[in-house]
Amino acid sequence: MILQRTPVDGNSKAHPATLHYLRTLYGRCTRDDGVLVVCARGNDFIFPIGTFRLNQLSEAAKAIHSRPDLYLKVNLMDPDAMAARLGIKRESNPRAVVVGNALEVKTIVSLHYDFDANKTGYLDRQTVLAALDSMPVPPSMIVNSDSYCGGYHGYWLLQNPYRIESKTDRDFIRNVSSRWLAKLKALLNEKVDATQNIDRLLRPAGSHRANGNWVNLHRMLPECRYSLLELTLPIDEAEIEAKAAKAAKRQIKATLGTDVEQNDTPITEYLDSTRLTVDDLLERAGYTNLGSNQWLRPNASSRARTLIASDKGINVFSGGCPDFDCLTKDGSPGAFYGIEAVFVNLFHNKDWRAAANWCRAEIFKKQCEGVDLSGLLERHKVAI
């Protein structure tokens, strides 16, 4: 064991729904495929309450059922990699914890995503279900994430667990998951509070929430287990063109030493001249300050922080934020955006060129304030 498990009442029994859920996910795995990590959410961070081997599913189910608002790393984690990183972190912080990041995922058991429904800005439950069933293959399992009044977790179970042995393996499965999510977003008109990170945390079936609602099984299709080939979507012409355009821009940047699309010099000049801060931008965009540099996105369904701000920018931790993707290059949440990117994403629809042009115009207007042009206009009034 890497981490101390939370004690479970000796008289308690594994919740049948939770145990069935765990056996469905991990029944085809072997002891060498990794460990389950069960987590809880603190005020501003997630922490592990225990790790469990595959021969301890009953113990894991008891732990999940012992308290509300617990989460599970659905894919199996590498305990040795987690322990090594924890040792390094504790050299400077004896109380440090790790829950496992994308680089520490050892075995993939499914593609799985979180779909909000029945709340402001999102689709109703029936529309979401219809979209899930419109995918090239139907989900193997659908879980109600907030009893029968909220959204869903959708799982496409693998016929055979996929062991990650190299960076190539990791990049491949990330790409499969990312493109599957892109298809889902297209069907749901982008109304998806979901991320494709392979170290995704979800509430396990059979667990209960702090609001009293259960996370319960909506539908199970045990015969629907898929090969990775069945879950790998073909590349269309638009995607090929986008990849080619991206490669061309990278070449231009390498040749000219500048990014022609994200030239932020006028943006920086505008922000400096107006003395706008990151906090100013977030407040004007409708984000709520939770204190301690933590901010909540507009229309959020819970009080869990969306991002952490600093003088230089923000780190984003919510996959449901429409303004910013939360994933870093290694697939873990916490992506950083500088103040220029915050400004562009919030007020110019992520269009750097449009933002730069707008800033140039504002800077020019400011420079012209107080300048008397009457004499110039008088001399050229015929032309005017």
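For the numbers below, each heavy atom of this structure counts, side chains included, while hydrogens, waters and symmetry mates do not.
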Do Asp325 and Val316 make a side-chain contact, defined as non-hydrogen atoms from C-beta onward lying under 4.5 Å apart? no
Starting at CZ of Arg225, measure out to CG of Leu158 and round the result to the nearest 0.5 Å. 8.5 Å
Testing the 3.5 Å rule here: is there a donor-acceptor pair between the side chains of Thr268 and Glu340? yes
Do Asn289 side-chain atoms and Gly291 backbone N/O form a donor-acceptor pair below 3.5 Å? yes
Rounded at 0.5 Å granularity, tell me how far CG in Asp199 sits from CE in Met77. 6.0 Å
For the hydrophobic clusters of this structure (ILVMFWY residues joined by side-chain heavy atoms under 4.5 Å, transitively), does one cluster hold both Met220 and Val109? yes
Relative to each other, are the rings of Tyr270 and Phe343 parallel, tilted or perpendicular (30° and 60° limits)? tilted
Any side-chain heavy atom of Thr51 sitting closer than 4.5 Å to one from Pro79? no
Between Asp323 and Lys350, is the closest basic N to carboxylate O distance under 4.0 Å? no
Quick one: closest heavy-atom pair of Cys29 and Leu76, and the distance? SG-CD1, 3.8 Å
Applying salt bridge (Lys or Arg N to Asp or Glu O under 4.0 Å) as the test, list every pair that has at least one member in residues 96-106; sequence neighbours left out. Arg85-Glu104
CG on Leu57 to CZ on Phe52, rounded to 0.5 Å: 10.0 Å
Close side-chain approach of Tyr148 to Arg125, heavy-atom, < 4.5 Å: yes
Trp180 side chain to Met135 backbone, donor-acceptor under 3.5 Å: no
Could you tell me which residues satisfy side-chain hydrogen bond (donor to acceptor under 3.5 Å, both in side chains) with Asp124, sequence neighbours excluded, listed by chain and number? Thr127
Answer yes or no: is there an ion pair linking Arg209 with Asp146, defined by an N-O contact shorter than 4.0 Å? yes
Where is the tightest heavy-atom contact between Trp214 and Gly206, given as atom of each residue plus distance? CZ3-O, 3.1 Å
Check the surroundings of atom CG in Asp311: do more than 12 heavy atoms from other residues, nucleotides or ligands lie under 6.0 Å from it? no
Side chain to side chain contact (heavy atoms under 4.5 Å, CB included) test vs Leu228 passes for just one of Ile173, Leu111, Asn160, Ile108, namely Ile173
Check this for me, if you would: do Asp32 and Arg163 make a salt bridge, where the nitrogen-to-carboxylate-oxygen distance has to be below 4.0 angstrom? no
Using the side chain to side chain contact (heavy atoms under 4.5 Å, CB included) rule, pick out the option among Asn75, Asp33, Asp78, Ile164 that qualifies with Thr107. Asp33
If the threshold is 4.0 Å, N to carboxylate O, is there a salt bridge linking Lys167 and Asp171? yes
For Arg179 and Leu233, indicate whether the former's side chain and the latter's backbone hold a donor-acceptor pair under 3.5 Å. yes
